[in-house]
2 protein chains.
Amino acid sequence: MNKTTTQDKILDAAEQLFASTGFADTSLRQITSMAQVNLAAVNYHFGSKKELIQSVLQRYLSVLMPRLDQEFSQLLSSQKQNDLTAVLSVFIKPLLELNKVQHHGTRMFLQLLGRGYTDVQGHLRWFFNHHYGRTLDKFVLLVQQACPDLPASEIFWRLHFSLGTVVFTMASNQALQEIAAADFNENVEIEGVIHRLIPYLAAGIASPLTLSSQAH
Amino acid sequence: MNKTTTQDKILDAAEQLFASTGFADTSLRQITSMAQVNLAAVNYHFGSKKELIQSVLQRYLSVLMPRLDQEFSQLLSSQKQNDLTAVLSVFIKPLLELNKVQHHGTRMFLQLLGRGYTDVQGHLRWFFNHHYGRTLDKFVLLVQQACPDLPASEIFWRLHFSLGTVVFTMASNQALQEIAAADFNENVEIEGVIHRLIPYLAAGIASPLTLSSQAH
DNA sequence: GTCTATACAGGGATAGAC
DNA sequence: GTCTATCCCTGTATAGAC
């Protein structure tokens, strides 16, 4: 019965077009014609274009987030003191395993995440906290344990700085890779970018408090 | 002769609407009706919506970038070895002086910059390099002098990571400030955010090379 | 040169027939 | 569930008035 539902046909087409052209430059008419379904089907099944974008991301998140949650719990229950690099490195494996979900799944997901956060501002943030707040809390706890000297508010700001780093990098990933290839003769795959990001993020989050950052 | 030209009326209205609603969610009809000019005036004077966005930013950049260029040159000619925090701190004064250009100029400009980089992807990047490449080169040189152990390609990546941090933070500035106010009872103005950013960025950029970041 | 009115193609969303 | 026809809004282009 290998029957592909209308929903899945739409999701597959949308994902492909979003990743290559971006959300704003992909029309529902392009999506529905590639998926060979009626234009109104998107609004019937998903409600709106914004909700379609969320659904595309959801397919990945439903695989990734439980995996991360499990890793976070495991790290929390092991009593040892984890350093920040270890905590951040937890993301690597689950992210790369998205390649099993779909061809180039990791790249697709991270680009969608980047585009989603910047294009439909505010929308995704709410969605994320609403559905995966518990998992995020575990992560924040791990970071706090790794940086016991930082006040909670400082961790809040720095984690959002880090989110910006990741999201922006992934959204501009294609352009950055092209420049890197041209200027430095480097061929960096998504995995390489992740490995470059971790020490940068770890150092930024753990940076000591200075007079200027305390004064405000 | 305190006569406001059509161009200026459009720029003022556009700036206000862009900063509060974003580029995508602000229509030309909103802008022209607030500016009390004809719809076609935007295309007549600026060519397109994208070019209007650039012009709004240009008003600030034409003040900011020469100021920065001058500061960079001065720091380069002083023979002393500058640390990264000193180099990054150069941005603070010129940025805050934008408040003299316009009411809430700093906040306006940084929000526009954030939105510009994320909303109209690729466009602003080209514009920036084309018009202010010389100034950017000076900045990169200063960073290289402050981090003599880092290869140029690593600096390239980390500066783009940092750009992401800044741009994302400024684009989501309003949301972040609201959360900070609600969760931590903190009232953080744009100046406070800048002072929080600098140690984070400095630590991230200067982070030592690890095995994982060298391997790719 | 500047401004106005208007036309046009393409976008997302939706009511109602089937 | 699905499809057609339609609605209103967007950015852009242009003809013609001043």
Side-chain angles (χ1 to χ4, degrees), chain A residues 1-58 112 115-116 118-124 126-127, chain B residues 1-58 112 115-116 118-124 126-127:
Chain A
M1 273 302 290
N2 198 357
K3 178 163 155 273
T4 322
T5 65
T6 301
Q7 270 108 325
D8 285 331
K9 283 195 282 187
I10 294 175
L11 286 172
D12 287 336
E15 175 175 336
Q16 204 171 323
L17 289 168
F18 283 160
S20 67
T21 328
F23 297 126
D25 292 337
T26 302
S27 70
L28 293 183
R29 285 164 175 85
Q30 279 179 273
I31 295 170
T32 50
S33 93
M34 176 185 264
Q36 301 194 4
V37 300
N38 188 271
L39 168 62
V42 170
N43 282 295
Y44 176 76
H45 286 289
F46 299 96
S48 69
K49 188 180 178 181
K50 279 190 180 179
E51 288 165 288
L52 171 63
I53 294 172
Q54 282 187 352
S55 299
V56 172
L57 264 171
Q58 183 63 39
L112 288 169
R115 287 232 146 101
T118 54
D119 284 16
V120 267
Q121 300 180 1
H123 211 221
L124 188 57
W126 177 90
F127 178 80
Chain B
M1 274 304 289
N2 199 357
K3 177 162 154 273
T4 322
T5 65
T6 301
Q7 271 110 323
D8 285 331
K9 284 196 281 186
I10 293 175
L11 286 173
D12 288 337
E15 176 175 332
Q16 206 171 321
L17 290 169
F18 284 160
S20 66
T21 327
F23 298 124
D25 291 338
T26 302
S27 71
L28 294 182
R29 284 164 178 85
Q30 280 179 270
I31 296 170
T32 51
S33 94
M34 175 184 265
Q36 301 192 4
V37 300
N38 187 272
L39 167 64
V42 171
N43 281 296
Y44 176 75
H45 286 288
F46 299 97
S48 68
K49 187 179 179 181
K50 276 190 181 179
E51 287 165 288
L52 171 61
I53 293 172
Q54 282 185 354
S55 298
V56 171
L57 267 169
Q58 183 64 37
L112 289 170
R115 288 234 146 96
T118 55
D119 285 15
V120 266
Q121 300 179 0
H123 209 223
L124 188 57
W126 178 90
F127 178 80

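Below, chains carry the letters A, B, ... as their sequence lines are ordered, and counting in each starts from 1.
One atom, CD of A:Q7, and another, P of D:dG1, lie 7 Å apart when rounded to the nearest Å. Residue B:N38 contributes atom CG, which lies 15 Å from atom P of D:dT12 at whole-angstrom precision. Atom-to-atom, CZ of B:F18 to C1' of D:dG11 comes out at 12 Å; the value is rounded to the nearest Å. As rounded to whole Å, 12 Å separates atom C1' of C:dT2 from atom CD1 of B:I10.
Shown here for B:V37 and B:K9, the closest heavy-atom pair between the two residues is CG1-CE, 4.1 Å. Among all heavy-atom pairs drawn from B:I10 and B:I31, the shortest one is O-CG2, 4.0 Å.
Screening B:E51, B:E15, B:Q16 for a side chain to side chain contact (heavy atoms under 4.5 Å, CB included) with B:V56, the sole residue that qualifies is B:E15.
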- Task: For each nucleotide in nucleotides 12-18 of chain C, reading 5' to 3', give B when a protein heavy atom comes within less than 4.0 Å of its base, S when such contact involves only the sugar-phosphate, and - otherwise.
- Result: BBB----

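For B:S20 (side chain) and B:L17 (main-chain N/O), a donor-acceptor pair under 3.5 Å exists by modelled atom type.
Around atom CD of A:Q7, more than 12 heavy atoms belonging to other residues, nucleotides or ligands sit under 6.0 Å away.
For C:dC3, one of the phosphate oxygens OP1 or OP2 lies less than 4.0 angstrom from a side-chain nitrogen or oxygen of B:H45.
Side-chain contact between B:N38 and B:T6 is absent, with no heavy-atom pair separated by less than 4.5 Å.
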